[in-house]
Amino acid sequence: MLVALFVLTLGKTVNTNCSESVLGIPQLYGPSEALLRQVVDFVCELQKYPENETIQLRVMGHHEKLLGEYTYQPDEVASIPMMITDYHEGFLECVAKPLNASSSNITATVSDPHYLKVIVPVKNAEIEYSGPMELFEEDILELRCLLEAGTHVSYQWLLNGRLLSPSPRHHFAEDRLRIFRTTSGDSGFYTCIASNTFNNTEVFTSNSTEMEITVKVLASDPDISFVVLKEIQNYSALVTCQSARGSLPITFSLYNSTELVSSVTAEKKNATFKVPLDLRQPPDRLECQANNSDPIAHSQWLPLRVVPVKGPVTMLYDQDIGENYVVIGLKMYCRASEGSHPRYHWFLNKTRLHDRGSFYRVDDQPPQQSILHLSVRASSSAGTYHCKVSDSFDNANAVGSNRKYVDREVLNRLPILVVVIVFGSFAILIMLVSVCCIFGVIYSELTLEMERLAAYEGELVSMSFFHFIYLQATELFHCSRFVSRGFFFPLQESLAYTEAGDVAETASQDNFDEVR
Ligand SMILES: *C1O[C@H](CO)[C@@H](O)[C@H](O)[C@H]1NC(C)=O
Ligand SMILES: *[C@@H]1O[C@H](CO)[C@@H](O)[C@H](O)[C@H]1NC(C)=O
Ligand SMILES: *[C@@H]1O[C@H](CO)[C@@H](O)[C@H](O)[C@H]1NC(C)=O
Ligand SMILES: *[C@@H]1O[C@H](CO)[C@@H](O)[C@H](O)[C@H]1NC(C)=O
Ligand SMILES: *[C@@H]1O[C@H](CO)[C@@H](O)[C@H](O)[C@H]1NC(C)=O
Ligand SMILES: *[C@@H]1O[C@H](CO)[C@@H](O)[C@H](O)[C@H]1NC(C)=O
Ligand SMILES: *[C@@H]1O[C@H](CO)[C@@H](O)[C@H](O)[C@H]1NC(C)=O
Ligand SMILES: *[C@@H]1O[C@H](CO)[C@@H](O)[C@H](O)[C@H]1NC(C)=O
Ligand SMILES: *[C@@H]1O[C@H](CO)[C@@H](O)[C@H](O)[C@H]1NC(C)=O
Ligand SMILES: *[C@@H]1O[C@H](CO)[C@@H](O)[C@H](O)[C@H]1NC(C)=O
Ligand SMILES: *[C@@H]1O[C@H](CO)[C@@H](O)[C@H](O)[C@H]1NC(C)=O
């Protein structure tokens, strides 16, 4: 293009200031785009030329390549037909010069450049990819759309038939697609579509074949846990290794403190191993490894510690208080003092409570405790509660807890302390008032008596005083009986219930068979 422009400028300069030249500047006309192998006419027009010279017109392309030639006849339109090839693409110029250059001093003249776009229909698109078919997350995926032929092409990329659009992770440049920080969502079938158009009317497209790319997820650090199995006299640990994430298959390997115990390749994210267990030996440690590529994921070391359940088993509780300070529920906690693999059972009277019922819900939090959430609104929730703890692998050694009688009415009786304080305060108040009355009356009566019976003897005075004291005391006694009827008896009832309910039960004396 620069070359062409330079030629153009030079031609013009020479022409305008060369006084001998009578050759005008030719003008080139033609389409701005053409299809490959199409035959296209270009016109080079020359307005001014020396009469006695034969003028030759040439259409020059890129790199001074001669594309067409025409020997000018006066009063003719110089139509130069051309069969379009891919090297027609670029700036075209028409050069006019005398045919017999050596005989004349006339210098050549050059037309303005004319740009021609050559449309080569796209053909046989294919995806070029040299990387591995299996990538991992956070990698870069770079695909290229190769064509056997095609110019002025635009590219589109499909993943599983859906058009990809630019994003911070998806970059499109010419025939390339780059995906940064790949995720498993970038897995699938990729297609590229190359297309170009001619004359805004004809569209050529070429679809590549699909290419499957898999973005794998590295196995995450596995969780390791175990349950204990008892088969007649032998114990074994059923060890489970579980990765939360990771593309399948994953190879799980179990190591003890010295060596590889077992290994399995699984089409799932977990694996289970059975390891013999000797409860008399000090516990060994186990580790899981999950491998679906480098780097390998490791679990924590898990000690194979098995402690049988041991009493005492305690049952504590919290109250749930609703409106008006009414007890609406209880949270009961069942805990054993020892035991690494406990199993909890809850009982109402002698009936086993399962995970969930109309008025309760069991929330096991092994190995620490089990929580029974109880709503006391329903009358069916009334009864005596207790829990039992046994080893999950052995029902033989179940240990029972203390028992608690639960009843909505009982729970909502005033607590003893409150009753004592309220009643105590009330009694003191009555006493104070009474004492005040007594002294008030005594004082007024005394002064009256003294005024009226100033002459009477001391004996009489003291008699009426004692009689008055007697009357007051009788009144107080009646009063206290009335009060005690209202307050004392319910209080005593409540005390009796709570004490009767808390009967402790000793270990395994009870039949465990009431579970069923
Ligand atoms: C060309 O000739 C014209 C007069 O015809 C003159 O004004 C101009 O400066 C010349 N240009 C050059 C480049 O010599
Ligand atoms: C054409 O005519 C010019 C004068 O008009 C003359 O100088 C030149 O030599 C002639 N050329 C030929 C090839 O006859
Ligand atoms: C070119 O010019 C020379 C000398 O002027 C002449 O002898 C020759 O015949 C010419 N050739 C043509 C093809 O006109
Ligand atoms: C061409 O031009 C030169 C001077 O620039 C002159 O000497 C010569 O005679 C000219 N030739 C013709 C054929 O006009
Ligand atoms: C280009 O398109 C126009 C209509 O848009 C049509 O008339 C013309 O013939 C087309 N040219 C070619 C070369 O196909
Ligand atoms: C190319 O793919 C596009 C989109 O899936 C589809 O519409 C078109 O028909 C396909 N063309 C060919 C030639 O397969
Ligand atoms: C218990 O283990 C011993 C040796 O470890 C074995 O011989 C026996 O068959 C096992 N018993 C059962 C029931 O698995
Ligand atoms: C580790 O496992 C191997 C094979 O299962 C066993 O022979 C070895 O005693 C175990 N090591 C320990 C420390 O338990
Ligand atoms: C292990 O994986 C399978 C399939 O994903 C699942 O059904 C099973 O519940 C898992 N096992 C455990 C112990 O999580
Ligand atoms: C992890 O798995 C890959 C194949 O998935 C295997 O090539 C590699 O050796 C494994 N590494 C170990 C330490 O087992
Ligand atoms: C449990 O026993 C008590 C009597 O001790 C009884 O009132 C209650 O209805 C019983 N509850 C159930 C659910 O059987």
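Order of listing sets the numbers, starting from 1, for every ligand and every atom in it.
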For [atom], the protein heavy atom that lies nearest, with its residue and separation:
atom: atom 13 (C) of ligand 9; result: Thr240 CG2, 4.0 Å
atom: atom 3 (C) of ligand 10; result: Asn291 ND2, 3.7 Å
atom: atom 2 (O) of ligand 5; result: Asn199 ND2, 2.2 Å
atom: atom 4 (C) of ligand 9; result: Lys268 CB, 4.0 Å
atom: atom 5 (O) of ligand 5; result: Thr201 CG2, 3.9 Å

Q.
Using a plain distance cutoff, I'd like to know if Gln242 has any nitrogen or oxygen under 3.5 Å from a nitrogen or oxygen of ligand 9.
A. yes
Q | N or O pair under 3.5 Å between Asn270 and ligand 9 | A | yes
Q: Would you give the length of the straight line joining atom CZ of Arg280 to atom OH of Tyr235, rounded to the nearest 0.5 angstrom?
A: 10.0 Å
Q | From CD (Gln289) to NE2 (His298), nearest 0.5 Å | A | 4.5 Å
Q.
So which atom in Cys334 and which in Val389 form the shortest heavy-atom distance, rounded to 0.1 Å?
A. SG-CG2, 3.8 Å
Q. For the residue pair Ile55 and Pro98, what are the closest heavy atoms and their distance?
A. CD1-CA, 4.0 Å
Q: Can you sort out which atoms of ligand 10 are near Ile296, meaning under 4.0 Å from one of its heavy atoms?
A: 11 (N), 12 (C), 13 (C)
Q: Output, in order, the C-alpha distance, side-chain angles, deciding distance and verdict of side chain to side chain donor-acceptor pair (under 3.5 Å) for Gln300 and Glu287.
A: CA-CA 6 Å; Gln300 295 193 315; Glu287 187 205 39; over 6 Å; no
Q: Please check atom 9 (O) of ligand 5 for a protein heavy-atom neighbour under 4.0 Å.
A: no
Q | Side-chain ion pair, Glu128 and Arg176, N-O less than 4.0 Å | A | no
(Q) Salt bridge or not between Lys274 and Glu231? Use side-chain N to carboxylate O under 4.0 Å. (A) yes
